[in-house]
Amino acid sequence: DTGVSQNPRHKITKRGQNVTFRCDPISEHNRLYWYRQTLGQGPEFLTYFQNEAQLEKSRLLSDRFSAERPKGSFSTLEIQRTEQGDSAMYLCASSSPGLAGAGVTKETQYFGPGTRLLVL
Amino acid sequence: DAKTTQPTSMDCAEGRAANLPCNHSTISGNEYVYWYRQIHSQGPQYIIHGLKNNETNEMASLIITEDRKSSTLILPHATLRDTAVYYCIVRGYTGTASKLTFGTGTRLQVTL
């Protein structure tokens with residue numbers, strides 16, 4: 001299967017601990033996104049990479065959150081000093097830009113299965 | 001990105017067509033309409049997208065009104081496996097960032 005993969009799929013941690021999630025995008029995709037989804041809500045954008053450059057960060061990404069994509073391939077999302085409010089599904093998506101002419105993008109993002117985090 | 005409005009929930013009998021509406025009255029000329037769905041506890045799955053012409057693929061059809069202020073996703077023969085939350089998203093091109101802004105979607109329940 002050549003889709004987006006995420007590890008671990010589930011993580012239970014105690015408040016105050018640090019956690020790290022990994023995302024492996026589709027191999028030819030140079031864009032990578034992180035989203036967070038809480039119960040009953042749609043996914044919310046966190047941050048975005050083009051190759052190894054982090055180009056946009058949401059205000060949801062507090063200073064306890066850090067994301068990296070060191071070689072422009074896989075990415076990691078770390079949460080330091082976890083809080084119970086961090087409990088959510090963390091989703092990764094990847095894409096490659098596709099122009100439809102006149103600068104309008106046809107880019108399609110493909111999502112991984114997500115990492116479900118529970119902070120006790 | 002333009003805001004979308006979708007019904008909270010819909011039911012459909014298995015084998016019948018499921019027609020999921022979406023209003024996006026503030027859509028601008030270079031914004032695409034995307035549809036994703038999310039089956040319970042899985043990541044969102046891309047379905048289809050379009051700009052102004054109707055689109056069809058192996059999963060669904062997308063009908064966009066001429067004024068582009070609304071659209072309908074059609075699943076021609078719904079099955080129980082189509083039970084999911086369906087998200088209609090309007091997204092423009094901002095040069096570099098092209099995040100998706102999800103609403104709360106429509107929960108489609110397909111029944112026997």
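We name chains A, B, ... by the order of the sequence lines, and we start the count at 1 in each one.
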(request) Run through B/N19, B/N54, B/T56 and flag the one making a side chain to side chain donor-acceptor pair (under 3.5 Å) with B/S61. (result) B/T56

(message) Under 6.0 Å from the ring centre and within 45 degrees of the ring axis: does the NZ or CZ of B/R107 meet both conditions for the six-membered ring of B/Y86?
(response) no

(message) On a heavy-atom basis, which atom in B/A13 and which in B/V110 lie closest, and how many Å separate them?
(response) C-CG1, 4.3 Å

(message) At a 4.5 Å cut-off on heavy atoms, which part of A/Q37 comes close to chain B: side chain, backbone, both, or neither?
(response) side chain

(message) Counting C-beta onward and ignoring hydrogens, is there a side-chain heavy-atom pair between B/Y36 and A/T108 closer than 4.5 Å?
(response) yes

(message) Quick check for you: among A/G42, A/P43, A/P113, which has the greatest number of heavy-atom pairs under 4.5 Å with chain B?
(response) A/P43

(message) Which atoms of B/Q38 are under 4.5 Å from chain A, going by heavy atoms: the side chain, the backbone, both sets, or neither?
(response) side chain

